[in-house]
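Ligands are counted one by one from 1 in listed order, and the atoms in each one are counted from 1 as well. The shown structure was predicted, so the numbers you read here are calculated from the model rather than taken from an experiment.
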Amino acid sequence: MAETSQAPGPAGDRTDATDRVVDARKVSKRYARTWALRAVDLQVGRGELVSLLGPNGSGKSTLLRVLTAVTRPTYGQVKIFGQQPRNGLGVRERLGVLPHQSYLYGELTAVENLRFAATMYGMRAVRDDLVEALSHVGLAHVADAQARTFSSGMRKRLALARATLHDPELVLLDEPYGALDVEGIGWVDRFIGELREASKTLVIATHEIGRALALCDRAVSLRGGRVVFDGPTSDYEGAIAGATEAVGLEAGS
Ligand code: ADP
Ligand code: MG
């Protein structure tokens, strides 16, 4: 993999085209009568950590699914590493995804789930590597237990280990804190911290605003499928307070 930049770090508005890991332009997605996304623009530079915020139903998962080519946008264009995500050569290998649903194999053990994923990525991983990957999410002690015996939080952590097994440059996480207890949240925080240290580009969709703001440099907030805020996390709370009030009035809540 050719690395063009020595110093990743937050790229912000000065991101040039070669450093643009995610480039979504005027992306809209319609499901029957629902517009899940409305003309969403999102550019993410190499090494940026972006939290994708918004209440349930605001379009976060849909945006991640469009970015990972699980679903096609109704309108608009998406490029990942400068290529169409569906057809781009080598895009899949550079992308790690924690989908909304974990899609684990319940009858397989934790290690076997990872081995299966490694095979899919064309990796040759020995058991020690897989157990090491589990240790990063606090699951090494249950390496040989079947995934179906895991709590939903443990499944989430196993899915997280699987998402990053192939050392991807861009990691997209959909609700990494969902279904986690306090201990699980600690593991995920540390895990995300490790990805950050490794200068990965990260997009984290979550409705856990406090955690996201503590972890990320930049917040992008969706309401009703539209981007209502895109800027430094330090500016987020003040900016969004007004918008939330307006939405509250509109929704009667
Ligand atoms: P979030 O992840 O922010 O909770 P989603 O992207 O899941 O939001 O949903 C955005 C909107 O799109 C919601 O109104 C939701 O009901 C709708 N939606 C999402 N997926 C589908 C689908 N497969 N079919 C129909 N409507 C969908
Ligand atoms: Mg969602």
Side-chain angles (χ1 to χ4, degrees), residues 22-44 49-78 80 85-86 95-104 152-153 155-160 162-164 170-180 184-185 188-189 191-192 195 202-213 215-216 218-231 233 236-237 239-241 243-253:
V22 173
D23 191 1
R25 307 253 166 187
K26 297 265 172 289
V27 167
S28 296
K29 176 70 187 179
R30 183 177 61 196
Y31 293 111
R33 272 175 294 172
T34 307
W35 283 96
L37 297 173
R38 300 164 197 251
V40 168
D41 282 314
L42 180 67
Q43 282 80 44
V44 181
L49 244 92
V50 178
S51 56
L52 190 57
L53 302 171
N56 284 335
S58 56
K60 305 182 295 297
S61 294
T62 303
L63 181 54
L64 292 190
R65 287 166 60 216
V66 166
L67 296 181
T68 54
V70 173
T71 189
R72 281 178 194 275
T74 309
Y75 299 117
Q77 197 195 45
V78 173
I80 302 290
R86 195 178 290 263
L95 191 64
V97 183
L98 177 74
H100 188 73
Q101 304 278 350
S102 295
Y103 304 112
L104 296 165
S152 50
R155 279 183 214 152
K156 178 75 79 178
R157 287 189 272 147
L158 176 53
L160 203 50
R162 184 184 55 186
T164 52
L170 169 63
V171 181
L172 303 171
L173 306 177
D174 197 351
E175 302 289 354
Y177 295 104
L180 292 181
I185 288 171
V188 172
D189 272 347
F191 191 76
I192 291 173
L195 294 173
L202 269 159
V203 179
I204 305 174
T206 179
H207 56 267
E208 298 271 342
I209 292 178
R211 306 218 81 74
L213 296 186
L215 281 167
C216 296
R218 176 176 155 203
V220 173
S221 182
L222 295 174
R223 290 282 188 287
R226 279 184 217 286
V227 174
V228 294
F229 178 86
D230 183 353
T233 48
Y236 174 77
E237 272 167 336
I240 213 68
T244 310
E245 265 167 42
V247 168
L249 287 174
E250 201 176 286
S253 58

Arg30 and Ser28: side chain donor to acceptor below 3.5 Å: no
N or O contact, Gly57 vs ligand 1, cut-off under 3.5 Å: yes
Exam field: side chain Lys60 to backbone Gly54, donor-acceptor pair closer than 3.5 Å: yes
Whether Arg211 side chain and Asp189 backbone form a donor-acceptor pair below 3.5 Å: no
His207 versus Glu175, side-chain donor and acceptor atoms under 3.5 Å: yes
Nitrogen or oxygen atoms of Ser58 and ligand 1 under 3.5 Å apart: yes
Identity and separation of the nearest protein heavy atom to atom 19 (C) of ligand 1: Tyr31 CE1, 3.5 Å
Pro55 near ligand 1 by a heavy-atom separation under 4.0 Å: yes
Heavy atom of protein inside 4.0 Å of atom 16 (O) of ligand 1, strictly below: no
Of the listed options Leu52, Thr62, Thr71, closest to atom 6 (O) of ligand 1 (non-hydrogen atoms): Thr62
Shortest non-hydrogen contact from Leu64 toward Ala205: CD1-CB, 3.7 Å
Check: Thr34 side chain, Ala36 main-chain N or O, donor-acceptor pair, under 3.5 Å: no
The Mg ion (ligand 2) to nearest N/O/S of Ser61 below 2.8 Å: yes
